[in-house]
**Q** 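After the structure tokens below, expect a handful of questions from me.
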Amino acid sequence: MGAVISRLNVTVPSTLRLASFLMLISITGEELHLFFARFEVKSPEAATSHPPALSSHILTVEEREDKLRTALARLQKKLKAFNEVKLDCDQTAEHIKSQAQCTERQIKMEFEKLQQFLKDEEAARIAALREEEEQKSQMVKEKIEKMTEQISSLSEQIRAIEQELGAEDVSFLQSYKDTVKRAQCTLQVPEKVSGVLVYVAKHLGNLKYRVWEKMLGTVQYTPVTLDPNTAHPDLSLSEDLTSIWPDPVLLCCQQISSEMDWPPPPCHWRCCHS
């Protein structure tokens, strides 16, 4: 190492401590040369005594610092890009959560409408069943009341005749003509009731199909729906994703003429097929 220092012909500053100088002994030849290159070279011959090939590959401390700063700048730029992408991912995650909540709420609203329709339809059909039950029950009730009166009348006639048959001969002969007239019954034998049963087939036949067919009249099929993920942020979409119109806040900022009808008629924008 002493030979190397002698060949370089440089002067070490007097302020350099011995301990620091001894640490240089473990440095490679190229790094040692770089260290001494920062100090003044005493001999012009020593400056030209290095091999040209070695001198062309040696960078000064300042050059290496610049090179490191350049690499650091690239890393900082990349870090910034990573942070921007992460921020975008964080915002996207929040947007996904908001989208899911809004979509879930809309799904529940749509099914609540369907459930309400089914409840109303159920109530209407049960009401029709109750009305038919009441009508036919009333018919049977009236027939029962009439027959009860007739049965009571016939029972009285039968008891009276039975009493006459058990009477003494004189009494029997005296009331015979009246008893014979009393025994003549003009009442017709009643027919069994018919046509008063509940029309079950009417209420249950193809029930689901008929309800579904009626439901078709309350809904509308749209072959084209709009994708909110591709819609311009200045546009508003309807809840059923079938129509679109400008954002009213944006229109107010642009000071739209008061003569313009608001809200404007929705413009149908075909975006995707369902």
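Remember, it's a predicted structure, so these values are computed and weren't measured experimentally.
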**Q** Which residue in the set Gln135, Arg130, Lys136 passes side-chain hydrogen bond (donor to acceptor under 3.5 Å, both in side chains) when paired with Glu132?
**A** Lys136
**Q** Evaluate the side-chain proximity of Leu241 to Pro228: yes if any heavy-atom separation is below 4.5 Å, no if none is.
**A** yes
**Q** Is the shortest side-chain heavy-atom distance between Gln99 and Asn229 below 4.5 Å?
**A**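 The answer is yes; the side chains approach within 4.5 Å.
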**Q** How would you list all residue pairs meeting ring pair (Phe, Tyr, Trp, His ring centres under 6.0 Å) that involve residues 91-149, not counting sequence neighbours?
**A**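 For residues 91-149, and leaving out neighbouring residues, there are no ring pair (Phe, Tyr, Trp, His ring centres under 6.0 Å) pairs at all.
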**Q** Treating Ile, Leu, Val, Met, Phe, Trp and Tyr as nodes and any side-chain heavy-atom pair under 4.5 angstrom as an edge, say whether Leu68 and Leu59 lie in one connected cluster.
**A**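 No, no single cluster joins them.
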**Q** Does the Thr230 side chain pair with the main chain of Asp227, one donor and one acceptor, at a distance under 3.5 Å?
**A** yes
**Q** For Lys113, give me all partners under side-chain hydrogen bond (donor to acceptor under 3.5 Å, both in side chains), at least two apart in sequence or on another chain.
**A**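 Listed in chain order: nothing, the list is empty.
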**Q** Can you list every side-chain hydrogen bond (donor to acceptor under 3.5 Å, both in side chains) pair that touches residues 73-90, not counting sequence neighbours?
**A** Lys86-Asp90
**Q** What distance do Leu154 atom CG and Arg159 atom CZ have between them, rounded to the nearest 0.5 Å?
**A**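 Taking CG in Leu154 and CZ in Arg159, the distance rounds to 11.0 Å.
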**Q** Using the test side-chain hydrogen bond (donor to acceptor under 3.5 Å, both in side chains), find all partners of Arg125 that sit at least two apart in sequence or belong to another chain.
**A** Glu121
**Q** Could you note down all residue pairs passing ring pair (Phe, Tyr, Trp, His ring centres under 6.0 Å) where residues 186-218 supplies at least one of them, sequence neighbours left out?
**A** Tyr209-Trp212
**Q** Are Arg69 and Asp66 packed together at the side-chain level, in the sense that at least one heavy-atom pair is separated by less than 4.5 angstrom?
**A** yes
**Q** Are Ile144 and Val196 grouped together when hydrophobic residues (ILVMFWY) are joined by side-chain heavy atoms under 4.5 angstrom apart?
**A** yes
**Q** Ignoring hydrogens and geometry beyond distance, is a side-chain donor-acceptor pair present between Thr222 and Thr242 at under 3.5 Å?
**A**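 Side chains of Thr222 and Thr242: no pair found under 3.5 Å.
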**Q** Could you tell me whether the side chain of Glu63 and the main chain of Thr60 form a donor-acceptor pair under 3.5 Å?
**A** yes
**Q** Please report the interatomic distance OG(Ser194) to NZ(Lys192), rounded to the nearest 0.5 Å.
**A** 11.0 Å
**Q** Which distance, rounded to the nearest 0.5 Å, do you find between the CD of Glu133 and the CD of Gln138?
**A** 12.0 Å
**Q** Please collect all salt bridge (Lys or Arg N to Asp or Glu O under 4.0 Å) contacts where either partner lies in residues 140-156, sequence neighbours excluded, each pair once.
**A** none
**Q** To the nearest 0.5 Å, what is the distance between CD1 on Ile151 and CD1 on Ile158?
**A** 10.5 Å
**Q** What do the steps show when you test Glu112 against Lys108 for salt bridge (charged side-chain N to carboxylate O under 4.0 Å, His left out), and what is the final call?
**A** CA-CA 6 Å; Glu112 285 175 0; Lys108 289 182 177 180; over 6 Å; no
**Q** So how far is it from Gln157 CD to Ser152 OG, rounded to the nearest 0.5 Å?
**A**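 Rounded to the nearest 0.5 Å, the CD-OG separation comes to 10.5 Å.
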**Q** Can you tell if the side chain of Met215 reaches within under 4.5 Å of the side chain of Thr218, non-hydrogen atoms only?
**A**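 Result yes, sub-4.5 Å side-chain heavy-atom pair found.
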**Q** Report yes if some heavy atom in the side chain of Leu118 is under 4.5 Å from a heavy atom in the side chain of Val211; otherwise report no.
**A** yes
**Q** What distance do Ile58 atom CD1 and Arg64 atom CZ have between them, rounded to the nearest 0.5 Å?
**A**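 If we round to the nearest 0.5 Å, Ile58:CD1 and Arg64:CZ are 8.5 Å apart.
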